[in-house]
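Below is one structure, written out as structure tokens, with a few remarks after it.
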Amino acid sequence: MEWTKEMRYRRLEEIDINEMEELKKKVNNSEWRQNFHIQPETGLLNDPNGFCFFNGEYHLFYQWFPLGPVHGLKYWYHTKSQDLVTWENVGVGIKPNHDYDSHGAYSGSAIEHNDTLYLMYTGNTRDENWERHPYQVVATMNNQGRMTKPQQANITEVPSGYTDHFRDPKVWKSGDLFYAIIGAQRENLTGCAVLYKSDNLLDWTFLGEMKTQLNEFGYMWECPDYFEDNDHGIFIFSPQGIEKSGDEFQNIYQSGYLVGQKLDLEMKEFAHGRFYELDRGFDFYAPQTTLAQDGRRILVGWMGLPEIDYPTDQDGWAHCLTLPRELTIKEGKLIQKPIEELKKLRKTKQVIEATISNETINVFKGVSFELICELIEIDSNQFGIEIRASDDEYTSIMFDSIEKEIIVDRSKSGQPVAKEYGEQRKCLITNGQIKFHLFVDVSSVEVFINDGEEVFTSRIFPRKESDEIRFFSNGGSTTFYAEKWDI
Ligand code: FRU
């Protein structure tokens with residue numbers, strides 16, 4: 001189906017109930033609907049937005065185009081949770097219904113102040129020549145969940161020196177002041193992030209650009225996020241236009257981070273180490289973090305990428321969010337662990353301990369499960385796990401002990417996705433110990449290596465009959481222990 005501009009900018013409010021019911025039916029018949037991930041009821045989901053703990057609950061919004069699997073008029077869809085595991089669909093959070101957000105309520109963040117939730121986002125507009133004019137807008141939500149949008153946008157101009165690619169404010173508090181970091185493009189078409197400050201969250205003063213050592217690093221930085229952990233400052237962003245390099249930066253766009261000293265807000269200087277990719281899998285973008293009630297830093301990402309077709313498009317929906325991960329810092333890198341609360345999802349448990357040698361063994365079954373596999377003695381060239389497997393389909397996750405690499409291969413996973421960006425993702429693991437921790441849902445896999453040292457997040461689109469879980473060892477033997485829970 002060809003999605004014209006008119007179709008992309010149709011409003012949810014204009015759709016009659018029958019049309020919506022038809023679309024829902026189509027989506028519900030999709031064989032790839034997820035079981036325990038946040039996914040849209042219809043249409044397209046992208047970035048997580050406004051992730052926060054407010055008024056006794058977690059709130060997590062996402063970018064939403066309700067009417068089909070394309071990037072059209074974006075709403076904020078609202079979900080909430082007591083435990084970060086089970087999410088309730090609340091409904092539309094922010095409607096793009098003002099002049100300042102006529103072409104989409106784009107990404108942004110949330111912060112609590114005086115018992116009110118402040119949601120700062122980008123109002124996307126297009127003029128008659130289809131030129132963009134971004135506004136930064138602060139909506140508020142009271143503790144009854146009632147959303148109020150301002151009469152006027154809170155930041156109405158792009159400061160000089162930057163193009164109209166200027167969006168995705170992330171707000172935090174330091175001392176008595178609030179700061180916002182916004183993703184931007186300089187007039188010379190390089191990406192960067194800029195800073196604003198405010199004492200009331202409504203009136204903002206432009207401070208200037210955040211100075212980093214990455215002066216020419218892609219053409220646009222989307223979805224910036226800044227937070228501090230003890231003596232460190234951590235800057236997460238999604239740069240576009242980074243070239244592939246070895247095993248890194250294989251996807252169309254990247255998401256990664258810089259760990260440094262605390263951002264010097266006076267000088268706007270951020271002294272930092274190298275750029276690391278957050279996730280080494282095929283489908284991950286535009287993550288956002290928040291602080292949990294107990295002080296943990298939690299990250300959620302979009303399990304998808306812009307400008308890529310997905311097999312669910314034909315079913316009228318696209319994408320989901322990742323599971324929440326807890327972030328900590330170790331030796332200048334972020335460690336990302338699946339949050340403890342996810343244990344609540346565990347149902348029936350099965351275990352195996354075995355030594356296998358030049359063979360593949362078929363052990364468990366499942367399409368929605370958690371699996372932990374620890375290698376006890378590695379004496380083979382390759383050891384791996386095949387999930388969602390049948391005669392002709394499987395997704396392979398293996399450790400190659402010669403190359404010292406983890407390799408995730410989706411060339412046999414089922415319906416192909418973005419083949420032109422390659423069908424394997426790899427990364428080096430040098431410390432000798434290998435532990436795989438997998439969360440497999442109907443159409444995705446999240447692989448945590450060595451308790452969060454690396455993560456591979458990927459959509460996969462196998463047939464539902466492909467439900468075997470196998471272990472293999474090539475070129476020698478390996479002893480392993482595995483436990484699996486149905487979800
Ligand atoms: C990132 C992004 C943001 C923008 C939003 C629009 O995926 O392009 O920069 O605010 O999506 O949906």
Side-chain angles (χ1 to χ4, degrees), residues 3 8-9 12 38 40 43-51 60-78 92-96 100-110 119-126 132-139 153 155 158 162-171 180-185 191-194 218-225 236-242 251-256 278-279 283-289 299-310 317-322 418 457 459:
W3 281 82
R8 286 173 192 261
Y9 286 87
L12 180 58
I38 294 179
L44 178 141
L45 161 159
N46 58 301
D47 315 353
N49 291 158
F51 190 18
L60 178 51
F61 301 78
Y62 57 76
Q63 286 286 287
W64 188 43
F65 176 62
L67 304 179
V70 294
H71 291 269
L73 182 64
K74 295 287 170 69
Y75 291 67
W76 276 38
Y77 191 88
H78 185 186
V92 170
I94 300 178
K95 282 187 196 149
Y100 55 64
D101 58 9
S102 58
H103 290 68
Y106 274 13
S107 286
S109 56
L119 305 108
M120 186 172 188
Y121 69 96
T122 301
N124 183 50
T125 70
R126 300 273 195 175
R132 258 180 218 277
H133 295 277
Y135 294 89
Q136 314 308 317
V137 181
V138 181
I155 300 177
V158 172
Y162 303 94
T163 74
D164 55 4
H165 286 285
F166 193 85
R167 55 180 174 264
D168 310 337
K170 169 79 192 212
V171 184
I181 189 156
I182 297 183
Q185 180 179 61
C192 64
V194 302
Y219 57 81
M220 169 64 191
W221 292 5
E222 295 191 308
C223 300
D225 190 342
I236 293 181
F237 62 116
S238 295
Q240 300 186 310
I242 307 301
N251 297 337
I252 182 169
Y253 300 129
Q254 273 50 63
S255 299
L278 263 166
D279 194 287
D283 305 282
F284 183 87
Y285 197 63
Q288 188 173 88
T289 72
L299 174 142
V300 169
W302 167 24
M303 210 195 292
L305 285 164
E307 293 156 54
I308 302 281
D309 294 329
Y310 283 78
W317 70 286
H319 312 305
C320 61
L321 297 181
T322 69
T457 296
R459 296 303 299 278

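If you read the sequence from its start, that first residue is 1, and numbering goes on from there. Note that the structure is a prediction, hence the values are computed from the model and not measured. Order of listing sets the numbers, starting from 1, for every ligand and every atom in it.
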So which of F51, Y62, Y106, F61 actually passes ring-ring contact (aromatic ring centres under 6.0 Å, His included) with W76? F61

Is there a side-chain contact between I181 and F237, using heavy atoms and a 4.5 Å cut-off? no

Mind checking whether F166 and Y162 have parallel, tilted or perpendicular rings, split at 30° and 60°? tilted

Let's go through T322 and D279 carefully: what are the C-alpha distance in whole Å and the side-chain angles of both, what is the deciding distance for side chain to side chain contact (heavy atoms under 4.5 Å, CB included) to 0.1 Å, and is it a yes or a no? CA-CA 11 Å; T322 69; D279 194 287; 6.0 Å; no

Residues passing the side chain to side chain contact (heavy atoms under 4.5 Å, CB included) test with T125, sequence neighbours excluded, are S102, H133, Y135

Centroid separation under 6.0 Å, is that true for the rings of F65 and H71? no

Around ligand 1, what residues show up once you keep those with a heavy atom under 4.0 Å from it? N46, D47, Q63, K74, Y106, S107, R167, D168, E222, Y285, W302

